[in-house]
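Contents: one structure, followed by commentary.
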Amino acid sequence: MRIGELAARTGVSVRSLRYYEQQGLLTSTRSASGQRHYTAVEVERVGFIQRMFAAGLSSSTIADLFPCIDSPGEETSDAAERRMVQERDRLTEHIAELIRTRDSLDQLIATNRAHRATLPAPN
C-alpha cells in the first residue's frame, strides 16, 4: 500500500508517517519512481507507535523498544524493561514537578482571594 492508504487505514497523517520513517520507526520499500510502499505489518506498527507516543514516550525511546518487538528474546526483553522503567521514573518525576507547580498556583490563588476579600466593595 502507498503512504496515503496507510495514513487512511491508521488515522495518522502522511506527514507523521514520513516523520516515523525519518526517525527509523517505520520502513518502506520504494518504487522505481520513488513512491513509498508499505505492507499490512506497518498498520500494526503505526498503531504501536501511536500508543507509545500517547504514553509520553519520545521517538528515540520508541526506537529503543523495537528490538524487543522485532526480535523477542531475553536480552531484548531485559533492555526494553530497563528503558520502560527509566521512562516511568522520568514521568513520575515530571508528575511530581507538575504537582508542585499546581500547589504553588493554589497558594497564589488563595493569596489573591484573601487580598480581594480585604478590598472595599465597588460603588
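Side chains are part of it too, since the values below use all heavy atoms of this structure and drop only hydrogens, waters and symmetry mates.
Here the CD1-CG distance, from I109 to D106, works out to 5.5 Å after rounding to the nearest 0.5 Å. For the atom pair CG of L108 and CG of D103, the computed distance is 11.5 Å after rounding to the nearest 0.5 Å. Remark: L6 CG to S28 OG distance equals 9.5 Å, nearest 0.5 Å. We find the OG1-CD distance between T61 and E87 to be 3.5 Å, quoted to the nearest 0.5 Å. Rounding to the nearest 0.5 Å gives a distance of 9.0 Å between OG of S58 and CD of Q23. Remark: S13 OG to R15 CZ distance equals 7.5 Å, nearest 0.5 Å.
Around atom CD of E44, no more than 12 heavy atoms belonging to other residues, nucleotides or ligands sit under 6.0 Å away. Around CZ of R2, the count of heavy atoms belonging to other residues, nucleotides or ligands within 6.0 Å does not exceed 12. The environment of NE2 in H94 is sparse: at most 12 heavy-atom neighbours from other residues, nucleotides or ligands sit within 6.0 Å. For Q86, the CD atom is densely surrounded, since the number of other residues' heavy atoms within 6.0 Å is greater than 12. Remark: E74 CD is loosely packed, at most 12 non-hydrogen atoms of other residues, nucleotides or ligands lying under 6.0 Å away. Counting heavy atoms of neighbouring residues, nucleotides and ligands inside a 6.0 Å radius, atom CD of E75 does not exceed 12 of them.
Looking at every heavy atom in both residues, E5 comes nearest to M1 through OE1-CB, 3.3 Å. In terms of heavy-atom proximity, I49 sits nearest to I62 at O-CD1, 4.0 Å. Here the closest heavy-atom approach between residue I69 and residue P72 is recorded as O-CD, 3.7 Å. For the residue pair A80 and C68, the shortest heavy atom distance occurs at CB-CB, 3.6 Å.
Side-chain N or O atoms of S16 include none that pairs as donor or acceptor with a backbone N or O of V12 at under 3.5 Å. Side chain of E42 to backbone of T39: a donor-acceptor contact under 3.5 angstrom is found. The backbone N or O of Q107 lies less than 3.5 Å from a partner atom in the side chain of T111, making a donor-acceptor pair. Of the possible polar contacts, none joining the R18 side chain to the V14 backbone as a donor-acceptor pair under 3.5 Å is found. Between the T10 side chain and the V43 main chain, no donor and acceptor come within less than 3.5 Å of each other.
Classification of E93 and R100 as a salt-bridged pair holds, one side-chain N sitting under 4.0 Å from a carboxylate O.
By the 4.5 Å heavy-atom criterion applied to side chains, I99 and R102 are counted as neighbours. At least one side-chain heavy atom of R30 sits under 4.5 Å from a side-chain heavy atom of R36.
Inspection of the S104 and T101 side chains reveals no N or O donor paired with an N or O acceptor under 3.5 Å. Between T27 and E21, the side chains place no donor N or O within less than 3.5 Å of an acceptor N or O (distance only, hydrogens not considered). For the residue pair S59/Y19, the side-chain donor-acceptor check at 3.5 Å is satisfied.
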Test ring pair (Phe, Tyr, Trp, His ring centres under 6.0 Å) applied to F48 and F53, step by step: CA-CA 9 Å; F48 176 81; F53 276 130; over 10 Å; no

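R45 forms no cation-pi arrangement with Y38, by the criterion of a distance under 6.0 Å to the ring centre and an angle within 45° of the ring axis.
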